[in-house]
**Student:** 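My structure is below; once you've seen it, I'll send some questions.
All of these numbers come straight from a predicted model, not from anything done at the bench. Per chain, numbering begins at 1; letters A, B, ... match sequence-line order.
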Protein chains: 2
Amino acid sequence: METDVYAKNCPSRQVLDRIGDAWSVLIVSSLKDGSLRYTELAQRINGVSPKMLTQTLRGLERDGIVTRTVHAVVPPRVDYALTTLGRSLLSLCNALQDWAEMHIGDVLDAREAYDSRV
Amino acid sequence: METDVYAKNCPSRQVLDRIGDAWSVLIVSSLKDGSLRYTELAQRINGVSPKMLTQTLRGLERDGIVTRTVHAVVPPRVDYALTTLGRSLLSLCNALQDWAEMHIGDVLDAREAYDSRV
DNA sequence: CAGCATCCTGTTGGATACTG
DNA sequence: CAGTATCCAACAGGATGCTG
């Protein structure tokens, strides 16, 4: 059936869920210029809680999008970086953000028109 | 501050929220070949409830991404179609799905490796 | 520093039933 | 046909406190 393409557990849907997660996009975008430490990520991504940061990073690591490197030093130091797969996802995230910045005006206008139209 | 780019209510974030919504992506993709009726959309998008379909369609309409055309006939007929803005979003959705199909294998492999690595 | 565990609340969204 | 309305379970995710 053609409709299966849109089924909940179809391949693209699983990827969509990850891309759809705002924190994931934000993390991947933050890592565009190279690796960052846990705290550096936390600082760059405004409003993320430690819980969500860790959770999202684990998901990205599991999906092969970021690497997690623990340095055996005191105090601990953990670096996160994009994998090759992650960098390919980055292009997509950039496309997302480019579209967003380019069309946010249109969207906002449309909303205003819709809302004032009752 | 540079970190404001990632703030919760920054412009790109609002658009991200819409794109991040799986139902939105699915609806926009479904409308790629032209307008569809409410029920046709429901059939194509496997597993969507009337509630979510209506809710998402309203959101897309408000954002200027789809048009909603009510025909004064009995039984009622309502057509949904992409606007120009919607079609531009469609390209992005296509890019999303292309990426998903291209890399789902890598992601699945990475997950398996991660899970069995415990 | 880089988390993990726990609690707790708000939101999401499915199921179900009804309507112009 | 194309929704709307209501209820409710599940999950997301913030706050807080603790640890190797």
Side-chain angles (χ1 to χ4, degrees), chain A residues 3 6-10 13-14 16-27 30-31 34-63 66-81 114 118, chain B residues 3 6-9 13-14 16-27 30-31 34-63 66-81 114 117-118:
Chain A
T3 56
Y6 300 121
K8 254 181 189 166
N9 43 7
C10 76
R13 189 60 181 278
Q14 294 191 50
L16 236 36
D17 282 346
R18 175 134 303 294
I19 299 175
D21 178 26
W23 296 130
S24 295
V25 175
L26 261 17
I27 289 177
S30 298
L31 291 173
S35 70
L36 288 176
R37 306 178 58 170
Y38 184 86
T39 327
E40 290 172 332
L41 279 169
Q43 283 163 0
R44 275 168 208 247
I45 303 174
N46 197 315
V48 70
S49 62
K51 177 182 173 179
M52 287 318 295
L53 185 54
T54 301
Q55 193 170 302
T56 309
L57 282 168
R58 288 291 181 280
L60 291 171
E61 189 193 358
R62 187 168 103 101
D63 286 358
V66 304
T67 55
R68 176 172 179 271
T69 312
V70 183
H71 302 276
V73 295
V74 177
R77 176 192 179 96
V78 180
D79 286 328
Y80 291 92
Y114 184 95
V118 177
Chain B
T3 56
Y6 301 121
K8 255 181 188 165
N9 43 7
R13 188 61 180 277
Q14 295 191 48
L16 238 34
D17 281 346
R18 175 134 303 293
I19 300 176
D21 178 26
W23 297 129
S24 296
V25 175
L26 262 16
I27 288 176
S30 299
L31 291 173
S35 70
L36 289 176
R37 306 178 60 169
Y38 184 85
T39 326
E40 290 172 331
L41 279 169
Q43 284 164 359
R44 274 165 210 251
I45 303 175
N46 197 315
V48 69
S49 62
K51 177 183 173 178
M52 286 318 294
L53 185 54
T54 301
Q55 194 171 301
T56 309
L57 282 169
R58 289 288 182 281
L60 291 170
E61 189 193 357
R62 187 169 102 101
D63 286 357
V66 304
T67 55
R68 177 172 180 270
T69 312
V70 183
H71 301 275
V73 294
V74 177
R77 176 192 180 95
V78 179
D79 286 327
Y80 292 92
Y114 185 94
R117 188 219 63 177
V118 176

**Student:** With a 4.5 Å cut-off on side-chain heavy atoms, are A:Ser24 and A:Leu60 touching?
**Tutor:** yes

**Student:** Name the residue closer to the 5' end of DNA chain C, choosing between B:Ser49 and A:Asp79 according to the nucleotide with the nearest heavy atom.
**Tutor:** A:Asp79

**Student:** Within this structure, what is the CG-to-C1' distance between A:Asn46 and D:dG14, rounded to whole angstrom?
**Tutor:** 15 Å

**Student:** Rounded to whole angstroms, how far apart are CD1 on A:Ile45 and P on D:dG14?
**Tutor:** 12 Å

**Student:** Measure from CD on B:Glu40 to P on D:dC1 and round the result to the nearest Å.
**Tutor:** 11 Å

**Student:** In the 5'-to-3' direction, what one-character label does each nucleotide of nucleotides 3-11 of chain D receive under the scheme B = base within less than 4.0 Å of a protein heavy atom, S = sugar-phosphate only, - = no such atom?
**Tutor:** SS--B----

**Student:** Roughly, in whole Å, what's the span from CH2 in B:Trp23 to C1' in C:dG13?
**Tutor:** 9 Å

**Student:** Tell me the interatomic distance from A:Arg37, atom CZ, to C:dG3, atom C1', rounded to whole angstroms.
**Tutor:** 13 Å

**Student:** Applying side chain to side chain contact (heavy atoms under 4.5 Å, CB included) to A:Arg18 and A:Asp63, what does each step give before you reach the verdict?
**Tutor:** CA-CA 9 Å; A:Arg18 175 134 303 294; A:Asp63 286 358; 2.5 Å; yes

**Student:** Is a side-chain donor or acceptor of A:Glu40 paired with a backbone partner of A:Arg37 at a separation under 3.5 angstrom?
**Tutor:** yes

**Student:** Between atom CE in A:Met52 and atom C1' in C:dG3, what is the gap in whole Å?
**Tutor:** 15 Å

**Student:** Taking only residues two or more places apart in sequence, or in another chain, which ones meet A:Val48 in a side-chain contact (heavy atoms from CB on, under 4.5 Å)?
**Tutor:** A:Trp23, A:Ile45, A:Met52, A:Leu53

**Student:** Measure CG/B:Leu26 against P/C:dG13 and give the value in whole Å, please.
**Tutor:** 13 Å

**Student:** Report the distance from atom CG of A:Leu53 to atom C1' of C:dC1, rounded to the nearest whole Å.
**Tutor:** 13 Å

**Student:** With a 4.5 Å heavy-atom cut-off, do B:Leu57 and B:Tyr38 have their side chains touching?
**Tutor:** yes

**Student:** For A:His71 and A:Val78: C-alpha separation, side-chain torsions, deciding distance, then whether side chain to side chain contact (heavy atoms under 4.5 Å, CB included) applies.
**Tutor:** CA-CA 6 Å; A:His71 302 276; A:Val78 180; over 6 Å; no

**Student:** Looking at D:dG20, D:dG13, C:dG13, which one has an atom nearest to any side-chain atom of A:Pro76?
**Tutor:** D:dG20

